Every structure is written in structure tokens, then in C-alpha cells.
Undergrad: 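Below you will find the structure I want to go over with you.
As the structure is a prediction and not an experimental result, all values here were calculated from the model. We're numbering straight along the sequence, starting at 1.
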Amino acid sequence: MSLTDQLCTVHGEMVCVADFSRWRHQGACTCRWRGRRRWMVSIAVLDALGHALSTGHTPTYPLVIPAARRPIPPEGQR
């Protein structure tokens with residue numbers, strides 16, 4: 001299930017920034033819009049807010065959402 005599918009809303013389309021890793025941030029919206037992958041979270045935030053402003057969609061609160069990451073195994077199981 002994608003991140004935009006996980007954002008279920010009652011009040012229209014929602015825009016967020018997914019924090020995938022230290023160097024990968026991407027804006028996404030429930031209307032299936034996806035911004036470019038960015039190294040800096042601040043640029044991805046500007047992409048997402050620009051999309052929200054131009055389309056009338058609502059930004060999520062909090063705007064930056066950590067995406068699911070693969071857990072780091074314990075020291076003995078690596």
C-alpha cells in the first residue's frame with residue numbers, strides 16, 4: 001500500500017512530505033501527485049506546499065511524515 005493510499009481523509013485531498021531516509025524526501029498527495037525526490041527536506045516541503053497552493057489541497061499536520069523503514073536487526077543477527 002502506497003503512502004498516498006494510507007492518507008485517508010474526510011475533508012478532501014491531503015498533501016504531505018514523506019521522509020524515506022536521510023537523503024530521500026518526496027512530496028505526495030492523495031490526488032496521486034508526487035514531487036521529485038529531494039536531498040533536502042526543506043525543498044520537498046516547498047514542492048508540497050506549492051502543490052497545495054496551486055490546487056487548493058490541504059497540507060497534513062504534521063507535514064513531514066516518516067515513511068516505514070526496514071528495522072535494523074539486533075547486533076547478533078546481522
Side-chain angles (χ1 to χ4, degrees):
M1 179 180 279
S2 70
L3 181 63
T4 53
D5 292 336
Q6 294 175 12
L7 292 173
C8 298
T9 65
V10 178
H11 303 291
E13 305 292 341
M14 300 292 285
V15 179
C16 74
V17 173
D19 179 12
F20 290 106
S21 69
R22 183 175 179 183
W23 303 113
R24 184 173 167 235
H25 310 279
Q26 185 177 26
C29 183
T30 54
C31 72
R32 303 233 182 254
W33 170 85
R34 287 185 181 260
R36 289 180 54 193
R37 291 182 182 155
R38 304 289 189 170
W39 284 22
M40 296 175 57
V41 68
S42 58
I43 304 299
V45 166
L46 290 175
D47 288 343
L49 291 177
H51 172 75
L53 182 63
S54 66
T55 59
H57 297 166
T58 307
T60 58
Y61 182 80
L63 182 61
V64 179
I65 299 173
R69 296 184 181 139
R70 189 175 69 191
I72 299 172
E75 192 65 36
Q77 297 179 0
R78 290 185 185 177

Undergrad: With a 4.5 Å cut-off on side-chain heavy atoms, are Val41 and Asp19 touching?
TA: no

Undergrad: Looking at CZ of Arg38 and NE2 of His25, how far apart are the two atoms once the value is rounded to the nearest 0.5 Å?
TA: 11.5 Å

Undergrad: What about Ile43 and Val17, same hydrophobic cluster or not, with Ile/Leu/Val/Met/Phe/Trp/Tyr joined at side-chain heavy-atom distances under 4.5 Å?
TA: no

Undergrad: Rounded to the nearest 0.5 Å, how far does CE of Met14 lie from CG of Leu63?
TA: 9.5 Å

Undergrad: Classify the ring geometry of Trp39 against Trp23: parallel below 30°, tilted from 30° to 60°, perpendicular beyond 60°.
TA: tilted

Undergrad: Quick check for you: to the nearest 0.5 Å, what is the distance between His57 atom NE2 and Trp33 atom CH2?
TA: 10.5 Å

Undergrad: Mind listing the closest non-hydrogen atom pair of Ala44 and Gly27 along with its distance?
TA: CB-N, 4.4 Å

